[in-house]
There are 2 protein chains.
Amino acid sequence: MQTVLSEAQAKHHHAEEAVQSLRRIVKALHDYSTSVEQQIGLTGPQLWALWELSRAGSLSLKALSAQMHLDPSTVTGVVDRLQRRNLLVRVPDPEDRRRVILSLTVAGAQLLKRAPHPAQGQLLHALHAMPLKEVERLDHALKQVATLMEVDSTDVRFFFAET
Amino acid sequence: MQTVLSEAQAKHHHAEEAVQSLRRIVKALHDYSTSVEQQIGLTGPQLWALWELSRAGSLSLKALSAQMHLDPSTVTGVVDRLQRRNLLVRVPDPEDRRRVILSLTVAGAQLLKRAPHPAQGQLLHALHAMPLKEVERLDHALKQVATLMEVDSTDVRFFFAET
DNA sequence: ACAAAACAGTTTGCATGCAAATATTTTGTG
DNA sequence: CACAAAATATTTGCATGCAAACTGTTTTGT
């Protein structure tokens, strides 16, 4: 019983620490975004959108929001602000007049050239600085966490006693 | 050279996968927040604020925002909405009249009783479902990632070649 | 052929979230 | 004591982000 208890406590400890680390990671990502904004005057999502557009050549708004895992209504706003600064254009799709084709302008493409890699760059950089074995394990563990979180999405209430 | 190259590729692969998993985790956290909102009519931050307040008894706005790692101006808004629903009260601190003391109302405390554990509950639940060894490794790896990201916050530009 | 359903994009309304500016109060220094 | 500096909370302005409602267009089913 003693063993079980202390093992549970150890797990609790590491779990809390892991959550804390995730918070730090999210914060670091945000700070990186802020520094990018200072450098080139684009917010994280704005740079990300341009980057996806550059990668794909051109995209419908729906496709772009799928790439970014964001709601189309959110992306509409981001695209508005980019268009207002002449970094991209909206062109109606002749094939399907519901659709809008988004493409970079020359100004947009040029800006991208002097811009850093979008948001996740920081994270990827950190991962690349770690030994392969470590990255493998991290990958595996995170995948497990993500899956567990997705599976148990219903009634997780009171999993923790109030101590 | 062959070995080095494929090892780099393996690392790249796992790094990309890890980023993807982090995205899934963030999304799962958000989905959990949404389900909580459906259940008890409070957003994630609102529940979180009440919970911190309950844990501490009472807090100044500054202290609460420190607990939540949020800007005071953000917390002001959250507190506004909670106060509007009579879940907490603002009382001027007689000791220091700049300060405001936040405390739960009876209604707030009662609501908390039937509320699930705030946001991170989902994540903690998932971590507790994992073997201790795994949680330990995850904790360690995440700590490393967070530290690396914080250290290299300046010029990470172009760490990745455009492939 | 044409009503119904599905789809793409936008608009509106709301809740975060931060930075910068402001008002009030307290503290520290000469 | 006086006055500058710091601290606390708020306000304002802006950019995400989602859900729901709405418009127009295309596809589907009968």
Side-chain angles (χ1 to χ4, degrees), chain A residues 23 26-38 40-50 58-85 87-102 118-119, chain B residues 23 26-38 41-50 59-85 87-102 118-119:
Chain A
R23 270 198 196 141
V26 169
K27 175 135 191 349
L29 281 174
H30 181 266
D31 290 351
Y32 174 74
S33 253
T34 302
S35 88
V36 168
E37 193 167 350
Q38 301 274 320
I40 63 168
L42 286 181
T43 65
Q46 289 171 6
L47 175 59
W48 186 11
L50 286 188
S58 64
L59 288 170
S60 70
L61 190 134
K62 169 103 174 199
L64 176 57
S65 39
Q67 284 296 317
M68 297 175 71
H69 302 95
L70 293 177
D71 194 276
S73 63
T74 298
V75 177
T76 291
V78 175
V79 167
D80 281 348
R81 286 179 280 278
L82 289 171
Q83 188 178 26
R84 203 176 305 146
R85 293 175 54 178
L87 299 174
L88 58 75
V89 285
R90 278 183 171 96
V91 179
D93 184 345
E95 307 273 317
D96 182 341
R97 282 152 52 208
R98 289 172 301 184
R99 245 176 284 207
V100 179
I101 305 293
L102 306 171
Chain B
R23 271 200 195 139
V26 169
K27 174 131 187 358
L29 281 176
H30 180 267
D31 289 351
Y32 173 75
S33 254
T34 302
S35 87
V36 168
E37 194 168 349
Q38 301 273 320
L42 287 181
T43 64
Q46 288 170 6
L47 175 59
W48 186 10
L50 286 188
L59 289 169
S60 71
L61 191 135
K62 170 102 174 200
L64 176 58
S65 40
Q67 284 297 317
M68 297 174 71
H69 301 94
L70 293 176
D71 194 276
S73 63
T74 299
V75 177
T76 291
V78 175
V79 167
D80 281 348
R81 286 178 280 279
L82 290 172
Q83 188 178 26
R84 203 177 306 146
R85 293 176 54 180
L87 299 175
L88 59 75
V89 285
R90 276 182 172 97
V91 179
D93 185 345
E95 306 274 317
D96 182 340
R97 279 152 55 210
R98 289 172 301 185
R99 241 175 282 201
V100 180
I101 304 294
L102 306 171

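Numbered from 1 within each chain, the chains take letters A, B, ... in sequence-line order.
- Contact check, R98(A) against dT27(D): no side-chain N or O comes under 4.0 Å of OP1 or OP2.
- Distances shown here put a side-chain N or O of R97(B) below 4.0 Å from the OP1 or OP2 atom of dT25(C).
- Remark: of the listed residues S60(A), P72(A), S73(A), P72(A) is the sole one forming a side-chain contact (heavy atoms from CB on, under 4.5 Å) with S65(A).
- Closest non-hydrogen pair, Q46(B) versus L42(B), comes out as OE1-CD2, 3.4 Å.
- A straight line from CZ of R90(A) to P of dG24(D) spans 17 Å, rounded to a whole angstrom.
- The phosphate of dT10(C) (OP1 or OP2) has a side-chain N or O of T76(A) nearer than 4.0 angstrom.
- Remark: P of dT24(C) and CG of L61(B) are 18 Å apart, rounded to the nearest angstrom.
- Listed pair R81(B) / dC14(C) fails the phosphate criterion, with no side-chain N or O lying under 4.0 Å from OP1 or OP2.
- Closest approach of L102(A) and L61(A) over heavy atoms only: CD1-CA, 3.9 Å.
- In terms of phosphate contacts, S73(B) brings no side-chain nitrogen or oxygen within less than 4.0 Å of OP1 or OP2 of dT10(D).
- Within 4.0 Å of T43(A), counting heavy atoms only, lie sugar-phosphate atoms of the nucleic acid but no base atom.
- In this structure, CG of D96(A) is placed 10 Å from P of dT25(D), rounded to the nearest angstrom.
- Which of dA15(C), dT16(D), dC18(D) sits closest to the side chain of Q46(B) comes down to dA15(C).
- Positionally, the nearest nucleotide of DNA chain C for D71(A) lies more toward the 5' end than for the other of D71(A) and P72(B).
- Both D93(A) and D80(B) lie near DNA chain D, and the one whose nearest nucleotide falls closer to the 5' end is D80(B).
- What separates CH2 of W48(A) from P of dA15(D) is a distance of 19 Å, to the nearest Å.
- Closest heavy-atom contact between V78(B) and A49(B): CG1-CB, 4.3 Å.
- Of all nucleotides listed (dT10(C), dC18(D), dT10(D)), dC18(D) comes nearest to the side chain of L70(A).
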